There are 2 protein chains.
Amino acid sequence: MTQAQPVPEPSLHHPNEPDTERLEAATSTFRMLADPTRLHILWLLSQEPADVSQLVARTGASRTSVSQHLAKLRFSALVSTRKEHRHVIYSISDGHLGRLVQEGLNHADHRVSGEPTHE
Amino acid sequence: MTQAQPVPEPSLHHPNEPDTERLEAATSTFRMLADPTRLHILWLLSQEPADVSQLVARTGASRTSVSQHLAKLRFSALVSTRKEHRHVIYSISDGHLGRLVQEGLNHADHRVSGEPTHE
DNA sequence: CGTTAAAGTGCACAGGTACGCACTCATGCA
DNA sequence: TGCATGAGTGCGTACCTGTGCACTTTAACG
């Protein structure tokens, strides 16, 4: 168990240098957010749980596509499932993720709205 | 110009459905964050501006790789440059981006630390 | 039972991307 | 004017990923 102790290093103004493991973990999450269909799915799930058919209808993507994206998200443990009768209900497993999705969309909004950089 | 007024819509618990344009803008940003080297570069730049050689040294990547990643970031307008003598100094152009990077790393941290989902 | 709907999967193909190699461009300095 | 150094680029390659088609699996309902 690695202690949560701050860095023993003297170098400062570096909160804590992200090591390879952290970087890859973060990029693997970002990679999941880097597809329009998947991002749309995650946004929908961040609003409320839904089954596959609803996601298909709301995203406008094909069943195959949605299914495969959901498989990836499940495999990455970003979503969780529960079964209800004939339907498989998906939900976001981590509240943080929803915030990340929203922030990404906000950031995009600012860039689309024309604002050069803002702050 | 679009008013900052809240949604005039009756539909609720949907802050505002992201359209294709927004989704693609957001994913294009996320795609930039979806590479370890690039994420490392952006994290370094979120701490302080740096020139290419410093970034090469700190990331451990090849000059070619760093140069090409910087080209993409420049093209995506996520970083800006200024020249100083022989050196090209890169900096993050948007403060929001730094936050996004940091949140991604935090999220990754939680998943690496073993915490199942947290919250 | 058989039927139908919901969801998931294997396969093949197209498109994108990260990287290294070799090269060029630009600039400060002796 | 050379020359060394910092930075950027074209190209080829290996790899990864998103998608559609066809098929299978599972389970409710008559």
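Everything numeric in this text was worked out from a predicted model, so none of it was measured.
- If you find the closest nucleotide of DNA chain D to A:His69 and to B:Ser67, the one lying nearer the 5' end belongs to B:Ser67.
- Comparing atom distances between the B:Thr37 side chain and each of C:dT4, C:dC19, C:dA7 picks out C:dC19 as nearest.
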(request) Dump the intermediate steps for side chain to side chain contact (heavy atoms under 4.5 Å, CB included) on B:Leu39 and B:Leu105, then the final yes or no. (result) CA-CA 9 Å; B:Leu39 188 61; B:Leu105 288 169; 4.2 Å; yes
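- Backbone-only contact: A:Ser53 has heavy atoms under 4.0 Å from sugar-phosphate atoms and none from a base.
- By the 4.5 Å heavy-atom criterion applied to side chains, B:Leu100 and B:Asp94 are not counted as neighbours.
- Applying the 4.0 Å criterion to OP1 and OP2 of D:dG20, one finds that A:Ser62 has a side-chain N or O inside that range.
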(request) Using the side chain to side chain contact (heavy atoms under 4.5 Å, CB included) rule, take B:Leu55 and B:Leu45 through it: C-alpha gap first, then chi angles, then the decisive distance, then the call. (result) CA-CA 9 Å; B:Leu55 294 175; B:Leu45 294 182; 4.1 Å; yes
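- Residue B:Lys72 places its side chain closer to C:dT17 than to any other of C:dT17, D:dA28, C:dT27.
- For the pair B:Ile89 CD1 and D:dA7 P, the interatomic distance rounds to 8 Å; values are reported in whole Å.
- Using a 4.0 Å heavy-atom cutoff across all strands shown, B:Ser65 reaches sugar-phosphate atoms only and no base atom.
- B:Thr64 has no side-chain polar atom (N or O) that falls below the 4.0 Å cut-off from OP1 or OP2 of C:dG20.
- Between the CD atom of B:Glu84 and the C1' atom of C:dA26 there is a distance of 17 Å, rounded to whole Å.
- Considering only side-chain atoms of B:His85, the nucleotide from D:dG20, C:dG28, C:dA7 that sits closest is C:dG28.
- Among the nucleotides D:dG10, C:dA5, C:dG28, the one closest to any side-chain atom of B:Arg86 is C:dG28.
- Distance A:His87 NE2 to C:dA5 P: 12 Å, rounded to the nearest Å.
- Atom P of nucleotide D:dA7 and atom CD1 of B:Ile41 are separated by 12 Å, given to the nearest angstrom.
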(request) Determine, step by step, whether A:Glu17 and A:Arg22 satisfy the side chain to side chain contact (heavy atoms under 4.5 Å, CB included) criterion, reporting the C-alpha distance in whole Å, the side-chain angles of both residues, the deciding distance to 0.1 Å, and the verdict. (result) CA-CA 9 Å; A:Glu17 177 90 16; A:Arg22 261 172 258 255; over 6 Å; no
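- Checking the phosphate oxygens (OP1, OP2) of C:dC19, no side-chain nitrogen or oxygen of B:Arg63 falls inside 4.0 Å.
- As rounded to whole Å, 10 Å separates atom P of D:dG8 from atom CG of B:Leu55.
- Contact check, A:Lys83 against C:dA7: no side-chain N or O comes under 4.0 Å of OP1 or OP2.
- Taking only side-chain nitrogens and oxygens, A:Tyr90 never comes nearer than 4.0 Å to OP1 or OP2 of C:dA6.
- One atom, CG of B:Asp35, and another, P of C:dG16, lie 18 Å apart when rounded to the nearest Å.
- Of the residues listed (B:Thr59, B:Leu73, B:Val66), the one engaging B:Arg38 in a side chain to side chain contact (heavy atoms under 4.5 Å, CB included) is B:Leu73, and it is the only one.
- Distance CG (A:Leu73) to C1' (C:dG8): 15 Å, rounded to an integer number of Å.
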(request) Check step by step if side chain to side chain contact (heavy atoms under 4.5 Å, CB included) holds for B:Ile89 and B:Asp51. (result) CA-CA 4 Å; B:Ile89 316 286; B:Asp51 64 33; 4.1 Å; yes
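- One interatomic measurement links the two molecules: CD of A:Gln68 to P of C:dA6, which rounds to 19 Å at whole-angstrom precision.
- When heavy atoms are screened at a 4.0 angstrom cut-off, A:Arg31 is found touching the sugar-phosphate backbone but no base atom.
- The side chain of A:Arg74 places an N or O atom within less than 4.0 Å of a non-bridging phosphate oxygen (OP1 or OP2) of C:dT9.
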